[in-house]
Amino acid sequence: MVELARFAKMNGLGNAIIVADMRGRKDRVTPEAARALAEDPVTRFDQIMAIHDPVTPGTDNYIEILNCDGSQAQACGNGTRCVVQALAGETGRTSFTFETKAGILTAEEHENGLISVDMGKPRFGWKDIPLAEEFANTRRIELQIGPIDAPVLHSPSVASMGNPHAIFWVDRDVNEYALDRFGPMLENHPIFPERANITIAQVTSPSSLTMRTWERGAGLTLACGSAACAAAVSAARTGRTGRRVKVTLPGGDLEIFWREDDHVIMTGPAEWEFSGRFDPATGAWERETEGAA
Ligand SMILES: N[C@@H](CCC[C@H](N)C(=O)O)C(=O)O
């Protein structure tokens with residue numbers, strides 16, 4: 001008899017998240033289970049945040065992150081806010097320290113319900129992102145799409161927020177670009193040996209930008225927190241904005257602050273939809289509560 005694990009279907013600005021409670025268990029959410037849950041329209045998600053018992057002393061939990069294609073991700077900003085809201089509701093605590101593949105991060109829920117996550121320090125070295133070949137200046141790398149003499153997108157900034165990001169700067173409305181067409185090509189471009197999250201961003205003032213992201217392993221999403229951080233630090237690093245920006249995504253706004261100590265703080269909301277129980281091996285699930293979905 002399989003012991004089912006509890007989960008909460010949530011979202012962070014429309015980034016569809018399953019928070020899976022794997023505490024006290026030795027098993028993992030399998031890629032097969034992730035793909036099965038992603039195929040069901042009710043549990044369709046962009047990322048699973050699987051909360052495990054802590055590994056490193058001093059941390060509250062280890063979090064494994066799965067994309068809807070079953071691959072693993074090192075970081076997920078919107079999902080981390082969902083985990084904080086779920087655990088804050090359960091424990092009454094407001095601050096947490098988590099470990100992910102990208103390292104240790106801290107997060108806190110504010111009195112107004114918004115949640116801030118310290119997403120750590122960005123990295124800009126070509127091997128850190130990683131890129132397949134050396135680029136001394138990652139503010140702008142040679143990569144373009146479209147006709148050679150009139151590229152549609154070109155010269156992205158690249159950055160790692162634990163996971164790989166490329167940000168293409170555009171002058172026009174980000175919705176005018178066929179990201180659903182270019183996204184898969186760019187995500188899988190040979191320059192990105194671990195694939196990459198692909199963002200189109202338009203700077204709208206020295207303290208704001210608008211963006212859309214094609215996520216590695218998930219496709220078009222309504223929001224990507226780590227991409228918002230990567231775009232914000234890249235905008236500041238290239239002189240396009242200051243270090244505190246409002247980032248507008250299809251699902252809503254995030255505030256990103258690149259502190260002087262190099263840490264990137266992302267602040268935004270999280271929302272619970274419904275809860276259930278699932279089999280981490282197969283993805284078979286049942287509903288526990290009625291909810292919005
Ligand atoms: N939605 C996330 C990022 C998810 C991870 C990404 N698809 C990857 O594989 O790196 C966020 O909010 O940061």
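Whatever order the structure lists them in is the order used to number ligands and atoms, beginning at 1. Numbering starts at 1 and runs along the sequence shown.
- Near Ser226, meaning under 4.0 Å from one of its heavy atoms, ligand 1 places the atoms 3 (C), 11 (C), 12 (O), 13 (O).
- Closest to atom 2 (C) of ligand 1 by heavy atom, among Ala73, Cys76, Gly162, is Cys76.
- The CZ atom of Arg6 sits 12.0 Å away from atom CZ of Phe278, with the distance rounded to the nearest 0.5 Å.
- Close contacts between ligand 1 and Gly77 involve ligand atoms 11 (C), 12 (O), 13 (O) [criterion: under 4.0 Å to a heavy atom].
- Within ligand 1, counting atoms from 1 as listed, the ones closer than 4.0 Å to a heavy atom of Asn197 are 6 (C), 7 (N), 8 (C), 10 (O).
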TODO: Evaluate the criterion side-chain contact (heavy atoms from CB on, under 4.5 Å) for residue pair Cys76 and Ile17; output intermediate values, then yes/no.
DONE: CA-CA 10 Å; Cys76 178; Ile17 304 292; 4.1 Å; yes

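- Across Gln47, Arg216, Met161, heavy-atom proximity to atom 9 (O) of ligand 1 is greatest for Arg216.
- Scanning both residues, Cys224 and Asn15, for their nearest heavy atoms gives CA-OD1, 4.2 Å.
- Residue contact check: Asn78 has heavy atoms under 4.0 Å from atoms 11 (C), 12 (O) of ligand 1.
- Atom numbering of ligand 1 starts at 1 in the shown order; those under 4.0 Å from a heavy atom of Ala75 are 3 (C), 4 (C), 5 (C).
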- [ ] Run the numbers on Glu260 and Arg243 for salt bridge (Lys or Arg N to Asp or Glu O under 4.0 Å), then give the verdict.
- [x] CA-CA 9 Å; Glu260 292 301 330; Arg243 295 174 77 99; 3.7 Å; yes

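- Atom 12 (O) of ligand 1 has as its closest protein heavy atom Gly225 N, 2.7 Å.
- At least one N or O atom of Asn15 sits closer than 3.5 Å to an N or O atom of ligand 1.
- Glu187 and Arg216 are not joined by a salt bridge, as no carboxylate oxygen comes within less than 4.0 angstrom of a charged side-chain nitrogen.
- Within a 6.0 Å sphere centred on CD of Glu90, other residues, nucleotides and ligands contribute more than 12 heavy atoms.
- Looking at Ala218 against ligand 1, nothing comes within 4.0 Å, counting heavy atoms.
- Residue Asn67 touches ligand 1 through its side chain alone, judged by heavy-atom distances below 4.0 Å.
- Using a 30° and 60° split on the angle between ring planes, His189 and Phe192 fall in the perpendicular class, above 60°.
- Using a non-hydrogen distance threshold of 4.0 Å, Gly217 does not register as a contact of ligand 1.
- A donor-acceptor distance shorter than 3.5 angstrom exists from the side chain of Thr30 to the backbone of Ala33, with no hydrogens or angles considered.
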